[in-house]
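Here the structure comes first, spelled out in structure tokens, and everything after it is commentary.
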Amino acid sequence: MNLWYYPGCTLKTRAKNAEDSAIVSMAALGIDMVELPRWNCCGTVHSLAGDDLIHHIAPVRDLIRVKEQGGSKVATICSFCYNTLRRADILMRGDAEKRGTINSFMDEEPDYNGEVDVVHLLQVLRDDIGWKAISEKVKLPLEGLKVASYYGCTLLRPAEVAIDNVEKPTVMQDLLRALGATVIEFPFATECCGSYQIVGNVGFALEAAKNILTSALRRGAEAVVLTCPMCDYNLGLAHRELKRQRGDLPDIPTLYFSQLLAIALGLDTEVCHFNLNYIDPQPLLQSKGLIVEGVKVGE
Amino acid sequence: MIRRQDGTRRIGVFVCHCGLNIAASVDVEKVVEEISHYPGVVATEHYMYMCSDPGQDLVRKTIQEKKLDAIVMSNCSPYLHERTYRTLAASEGLNPYFCEVANIREACSWPHLKDREGATKKAIAIIKATVEKVRINMELFPPVIPLTRRALIVGAGIAGMTSALEIADAGYEVVLVDRAPYIGGHVSQLSGTFPTLDRVGCVTAPLLARVVTHPKIKLYTYSEIEDIEGYIGSFDIRIRKKASFVDETRCNSCGRCLEVCPVSVPSEFDRGLSQRGAIYRSFPEAVPSRLLIDATSCVHLATGNSCRACEEVCPAQAIEFTQEDVIAEERIGAIIVATGYDLFPRERIGEYEIDPDVIDGIQFERLLSPTGPTKGEIRRPSDGKVPQQVVFIQCVGSRDPEHGVIYCSRVCCMYTAKQAVLYKRAVPEGQAYVFYMDIRSDSKEFEEFVCSAVEEERIMYLRGRVSKVFRDGDKIKVWGADTLTGKMVEISADLVVLALGMTPSPGIVDLAHKLNVIFDLFGFITEAHPKLRPVETLTAGVYLAGACQWPKDIPDTISSASGAASKILSLFSREELLRDPLISFVDEEICRGCGQCVSVCVYKAITLDPKKKVATVNEAVCEGCGACAATCPSGAIRHKNSTRSQFFEMIDIAAAEYV
Ligand SMILES: Cc1cc2nc3c(=O)[nH]c(=O)nc-3n(C[C@H](O)[C@H](O)[C@H](O)COP(=O)(O)OP(=O)(O)OC[C@H]3O[C@@H](n4cnc5c(N)ncnc54)[C@H](O)[C@@H]3O)c2cc1C
Ligand code: SF4
């Protein structure tokens, strides 16, 4: 089965570890993720205020690319891209007047009337494949690995784009359980990572991100699993800061859900590009017997 | 007498001034003058207030003197005085349905205050049309329906018990059914009650004792309504008595079985704060004090394993593993629904972590209760420590359309204040915090109680919502907003108590379908009229008591329970039931049995006669709404005294003035 796939900028560069591990894992699960031709920036960074239509142009254009290909569904791996595309889609579906304005502004493009369903890869795993089918494909169960799943905000807010219960999401825990990991619930799973505040208000963002890591540590997690390159970046910085302040603190690496999926499916871990992880997860994975030898990590 | 021999009726028309309510815009004298010439009208009178005693005397006198057969009362809406005048007509020997009201106030003088000429003309048209109606009205007599003077009450909480005792004390039999093994409902789980803080035992013990010993109350505990057939006056009920696997007649409650049962599961009564065996008594003081085996946790019943430990030790041979559910049948005449409430499911508030030290209001009541799992000492569930910092959170699930329900649960402001006060009295050095949206303390002595909680007991009230509750080591962290200082608050608590909102009791929708009563969006049973008929349903013979209707505290519950009981008592004050004759009837010559009326009747009053293939109306059930008459494609089913031809006649006459 083919699935249109929108990568976005970070997955092609700094978060190659998320992209490659996802594509190869999905292939192993019988789904070929086909990269959308001529995709452009998803439009994130800008606010998606409903009265600021110019910033909806970029995501809508991406949706038109899908429609052009005859697609009716597009998946993302980056949760930020998911958020922008989905919100633009909701605006186009729900508001006839704004839809008209945007469509006539882009008169060189075919009209977009909400023909494309935007989903995050976690939804495909849950709704199209299912936990049972996934667990049956697991070759190397993540036994003994204690992981906390961290959602951040973009998969869940605003509520109309939420892929799961806004306050108490379970989709990632369910996936990790299907992969055989020990799931650690922690109260900061949906707290803010500091997001773009890391640019202008570093102290605040680091504080927010540090709280997430320490909370996960206190609940006994050995790693944090996530979907968002932005969260990954902030948590990585916060980790460095924490280690500087308290050298005795254990490492708590962050991993993309797709990296653990690839490992559990028994795929060649080269696709995981561990060298791109901010905190080297290899010692932990080795200690659990999940990978044999590490690649060198350097920034 | 229906008509004079010549087929005519002597009609009198009475026009009321209603002070200036009518007379200000309607020229009453002109109306009277005009109507007095109208065919068939043999008497006309007008008066300042026709509903007053002298006014009614005038009507009486005129009926006698002019030998009237029918009267048209031209005044306010029939909602107000139709019954007054029909009673008057009957007392003068007329058929009450030969009295009709012409509404010239709400429908004429009020809306046309500034148009005296127009209003007068319209009043004349309305009266003439009404004269036409009364001219061809049928003479009607209330259908007489057999009445079984026994009542069924579903739910034996404080509501059901109250209604049961009131009906039974008046001498009528009551069948009281509760699905729990004990009676008393939620009140049994409480410690003290606001605002007087009297012990719950003192409130309920006398009631419980009287209910179980009352010769007129037939109690079915651990039983549910299987199905209901029939209608007001004669309902046939089938009750499923669930198997308890203990022969009640032999069991002497010695309790030896409790010691040997190897099973340990969370107690429903203590909401998980204590454990019980598979054979258990819900709580030590349960009334009736019966023991029962829960088949799902019993090793023998669930797995077929040969445990049978209880059977071995029972000196009375009361254990009966082969017992099965039994169906009992009862014929009754009226029903009270008193199924109460349940707590809002807390897992729907995902931001408040599930943790042993984050408990709900009823769990806290159990901690406060001297007969509860901690013998009334406030010890937190996780480690048994006495909590020094307790945070109470109000409106959990209530007033929260995003996660919960939009309505206010009405009792939680008060029970939170009560619980915080009782906590402070038990742990004087401790600190209690209450997060609230606003305090709803609108009943007798409620506000005084809350004020004293704040001022004398020094309970810290923080106005704002809590965004997150989670464990942090030994503490429970509470993140909230204090909207009065505009600050975020973080409290490290030892115990958090959630004032969960109230929802209808589970299974209510199923019961509502069996009873054919309507329920709202949330499952609360809907009353016949929110202001005027609050304890009745739209289904004749089915009444409401307590929190099955909306969240109620004990005083409100008791009031409605007494109200429902008195409705039944007035129903039972006659040997037979007299129903309103203004209902539908079927012209069997015309009816072709298509059944469309059957499908539109919300009261389920119409059935198809399988032999004659025509619709038949059950006079005991029909409420006279008229939906069937409007639906019938052949005009075979009609509404008595509101037939199509009557209406067309009225329209013709009324419109004639304008063409
Ligand atoms: C934490 C807490 C503290 C409170 N404190 C106070 C207080 O201090 N003062 C006060 O005035 N009020 C208080 N209340 C409110 C009080 O509990 C209610 O007013 C009262 O219980 C309502 O009585 P009820 O009989 O209508 O309902 P319930 O007590 O709920 O009784 C209903 C009965 O019906 C039975 N039932 C339900 N469905 C069925 C069915 N389908 N078939 C057969 N039987 C059925 C149930 O088993 C139960 O026995 C408190 C409430 C809470 C949650
Ligand atoms: S009674 Fe008070 S606590 Fe309960 S829902 Fe209403 S306002 Fe909230």
Side-chain angles (χ1 to χ4, degrees), chain A residues 90 122 126 146 148-174 177 183-194 197 201 203-205 207-221 224 242 246 249-250 252, chain B residues 343-360 382-383 389 391 393-406 435 437 464-481 487-496 498-501:
Chain A
I90 288 176
L122 283 172
R126 178 189 63 195
K146 296 189 198 131
S149 33
Y150 174 66
Y151 290 83
C153 57
T154 43
L155 287 179
L156 302 168
R157 304 215 180 243
E160 63 262 26
V161 309
I163 66 164
D164 202 346
N165 184 308
V166 185
E167 302 288 357
K168 198 144 186 72
T170 57
V171 51
M172 257 198 284
Q173 292 93 303
D174 292 340
R177 262 184 222 114
V183 169
I184 305 286
E185 296 284 352
F186 81 126
F188 280 61
T190 58
E191 289 300 316
C192 174
C193 74
Q197 297 294 336
N201 195 346
F204 166 82
E207 212 44 50
K210 279 196 305 199
N211 284 340
I212 293 164
L213 291 178
T214 44
S215 169
L217 272 172
R218 292 182 64 171
R219 289 283 169 113
V224 170
L242 273 175
R246 295 174 49 191
L249 216 63
I252 177 155
Chain B
L343 290 188
F344 181 84
R346 61 161 295 182
E347 48 301 343
R348 274 176 52 194
I349 309 292
E351 61 269 44
Y352 298 170
E353 193 164 37
I354 307 277
D355 187 282
D357 294 332
V358 180
I359 61 175
D360 64 44
S382 64
D383 55 10
Q389 307 274 321
V391 174
I393 307 175
Q394 292 193 176
C395 301
V396 182
S398 314
R399 305 180 66 192
D400 181 359
E402 301 243 332
H403 303 92
V405 292
I406 190 167
F435 280 95
M437 281 164 82
R465 300 290 277 164
V466 168
S467 66
K468 210 175 185 76
V469 172
F470 60 95
R471 176 165 289 277
D472 190 36
D474 187 36
K475 297 282 183 183
I476 305 288
K477 278 258 159 65
V478 178
W479 288 356
K487 295 227 168 70
M488 301 291 285
V489 193
E490 178 179 294
I491 298 173
S492 291
D494 298 310
L495 182 70
V496 173
L498 307 178
L500 295 177

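Remark: A:Ala216 pairs with A:Ala148, A:Phe186, A:Ala221, A:Val224, A:Ile252 by the side chain to side chain contact (heavy atoms under 4.5 Å, CB included) rule, at least two apart or across chains. Partners of B:Ala499 according to the side chain to side chain contact (heavy atoms under 4.5 Å, CB included) rule, which considers only residues two or more places apart in sequence or in another chain, are B:Cys412, B:Tyr415, B:Thr416.
In this structure, the separation between CG on A:Leu242 and CG on A:Leu217 is 8.0 Å, given to the nearest 0.5 Å.
Taking the side chain as every heavy atom from C-beta outward, A:Pro169 and A:Leu155 never approach each other to under 4.5 Å.
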Can you pull out the donor-acceptor contacts between chain B and chain A, under 3.5 Å, including backbone atoms?
unit_1: B:Glu353; atom_1: OE1; unit_2: A:Arg219; atom_2: NH2; d: 2.9
unit_1: B:Glu353; atom_1: OE2; unit_2: A:Arg219; atom_2: NH1; d: 2.7
unit_1: B:Glu353; atom_1: OE2; unit_2: A:Arg219; atom_2: NH2; d: 3.4
unit_1: B:His403; atom_1: NE2; unit_2: A:Glu167; atom_2: OE2; d: 3.3
unit_1: B:Lys468; atom_1: NZ; unit_2: A:Pro187; atom_2: O; d: 2.8
unit_1: B:Lys468; atom_1: NZ; unit_2: A:Glu191; atom_2: OE2; d: 3.0
unit_1: B:Arg471; atom_1: O; unit_2: A:Arg219; atom_2: NH2; d: 2.8
unit_1: B:Asp472; atom_1: OD1; unit_2: A:Arg218; atom_2: NH1; d: 2.8
unit_1: B:Asp472; atom_1: OD1; unit_2: A:Arg218; atom_2: NH2; d: 3.2

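Considering all non-hydrogen atoms of both residues, B:Pro356 and B:Ile359 come closest at O-CG2, 3.3 Å.
Residue-environment remark: CD1 (B:Ile406) stays at or below the threshold of 12 foreign heavy atoms within 6.0 Å.
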